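So the structure is just underneath, and the comments pick up after that.
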Amino acid sequence: MNNKSIIAVAVLLAGVFGWFLHHYSDKEVIKRTLSSIAVALGKEGEEAPIQLALKMKTVKDFIAPACEVIVPESNYHEVLDPDLVIRYLIVYRSRQANLQVAIDKILVDIPDKGSAEVSALVHVTANQNQPDFFDEVHPVKFSLQKQKKKWLLHQATLPDALVHGH
């Protein structure tokens, strides 16, 4: 091999290694997880019970055994188990003919190994082509902790409109 070939292979390997480190970094894993949770919360019309169960399993697996939920505007502060969070989400989703959720502008800060602070915008669109259509964007904050190599939601600070809205 000549020097140019060796340099090209070295640059290629460095690029692949760099992409690998970035793609599997904690920040990127958290961003992808939040995006997949948003997709799981979505709904297009009626769902079979098994579809609902599979979607909610994705969400439930992300929630810590004790998740603190804070809604500053209404002075709500409660520690909830994943089953109660899932019940709330099922009821919320059942009130919508269709629902799309996206998480945008995700900023992840990892102040200590094993903990992360996330701020993001949750974009909720529901009931398209219905009289009760809405399209809203709300800021949220999450605290996550890594347990057994998996990031779990330990605290969610949500606006009142997102919790008690539609």
Side-chain angles (χ1 to χ4, degrees), residues 22 24-45 47 51-166:
H22 172 74
Y24 291 102
S25 71
D26 285 332
K27 287 182 179 185
E28 293 304 311
V29 168
I30 290 169
K31 288 177 183 180
R32 284 194 305 277
T33 301
L34 289 172
S35 294
S36 70
I37 295 296
V39 170
L41 291 173
K43 173 184 173 186
E44 290 297 326
E47 295 174 317
Q51 286 175 304
L52 176 61
L54 290 171
K55 285 183 169 187
M56 291 300 106
K57 181 181 182 336
T58 301
V59 177
K60 185 177 178 181
D61 289 347
F62 181 62
I63 301 170
C67 182
E68 183 179 17
V69 177
I70 301 167
V71 183
E73 298 96 332
S74 60
N75 292 321
Y76 181 83
H77 181 267
E78 197 74 43
V79 176
L80 305 174
D81 67 47
D83 290 332
L84 196 53
V85 173
I86 295 302
R87 282 188 191 167
Y88 168 79
L89 291 171
I90 289 172
V91 169
Y92 181 88
R93 291 172 83 253
S94 72
R95 295 190 315 239
Q96 315 308 328
N98 54 57
L99 178 68
Q100 291 179 326
V101 179
I103 301 182
D104 302 316
K105 297 186 180 177
I106 303 170
L107 299 174
V108 179
D109 181 39
I110 301 179
D112 301 311
K113 185 175 175 143
S115 68
E117 300 296 324
V118 178
S119 63
L121 295 176
V122 173
H123 186 181
V124 181
T125 306
N127 304 322
Q128 287 187 327
N129 304 319
Q130 305 287 324
D132 56 347
F133 168 79
F134 65 92
D135 186 354
E136 303 172 346
V137 177
H138 302 284
V140 296
K141 292 186 179 181
F142 303 122
S143 291
L144 290 83
Q145 291 182 357
K146 196 170 192 178
Q147 296 177 330
K148 299 180 183 175
K149 298 184 180 183
K150 187 174 177 186
W151 287 100
L152 297 177
L153 178 66
H154 276 263
Q155 184 183 73
T157 302
L158 309 170
D160 190 64
L162 190 59
V163 177
H164 296 107
H166 308 275

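Since the structure is predicted, the reported quantities are computational estimates derived from the model, not experimental observations. The residues of the chain are indexed from 1 along the displayed sequence.
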Spacing of [X] atom [atom1] and [Y] atom [atom2] [to the nearest 0.5 Å]:
X: F133; Y: Q96; atom1: CZ; atom2: CD; answer: 11.5 Å
X: D61; Y: K150; atom1: CG; atom2: NZ; answer: 4.5 Å
X: T125; Y: D135; atom1: OG1; atom2: CG; answer: 3.5 Å
X: L107; Y: K27; atom1: CG; atom2: NZ; answer: 9.0 Å
X: T33; Y: I103; atom1: OG1; atom2: CD1; answer: 10.0 Å
X: K113; Y: K146; atom1: NZ; atom2: NZ; answer: 7.5 Å

Is the shortest heavy-atom distance from the side chain of [X] to the side chain of [Y] under 4.5 Å?
X: L158; Y: F142; answer: yes
X: R32; Y: V29; answer: yes
X: S35; Y: I106; answer: yes
X: I30; Y: L34; answer: yes
X: V163; Y: Y92; answer: no

| Atom NZ of K31: over 12 foreign heavy atoms under 6.0 Å | yes
For the residue pair [X] and [Y], what are the closest heavy atoms and their distance?
X: P159; Y: V140; value: CD-CG1, 4.0 Å
X: H138; Y: A161; value: CE1-CB, 3.5 Å
X: L162; Y: Y88; value: O-OH, 3.8 Å
X: V59; Y: I37; value: CA-CD1, 3.7 Å
X: A116; Y: P111; value: CA-CD, 4.3 Å

| Under 3.5 Å, side chain of D132 to main-chain N/O of N127, donor-acceptor pair present? | no
| Between K141 and Q155, is there a donor-acceptor pair closer than 3.5 Å when you use the side chain of the first and the backbone of the second? | no
| task | Start with the C-alpha distance between Q145 and S115, add both sets of side-chain angles, then the distance that settles side-chain hydrogen bond (donor to acceptor under 3.5 Å, both in side chains), and finish with yes or no. | result | CA-CA 4 Å; Q145 291 182 357; S115 68; over 6 Å; no
| Residues D83 and R87 bridged, charged N to O under 4.0 Å | no
| request: Decide side chain to side chain contact (heavy atoms under 4.5 Å, CB included) for L52 and R93; before the verdict, give the C-alpha distance in whole Å, the side-chain angles of both, and the deciding distance to 0.1 Å. | output: CA-CA 10 Å; L52 176 61; R93 291 172 83 253; 2.9 Å; yes
| message | Evaluate H154 against Q147 for side chain to side chain contact (heavy atoms under 4.5 Å, CB included), listing each step before the verdict. | response | CA-CA 11 Å; H154 276 263; Q147 296 177 330; 3.7 Å; yes
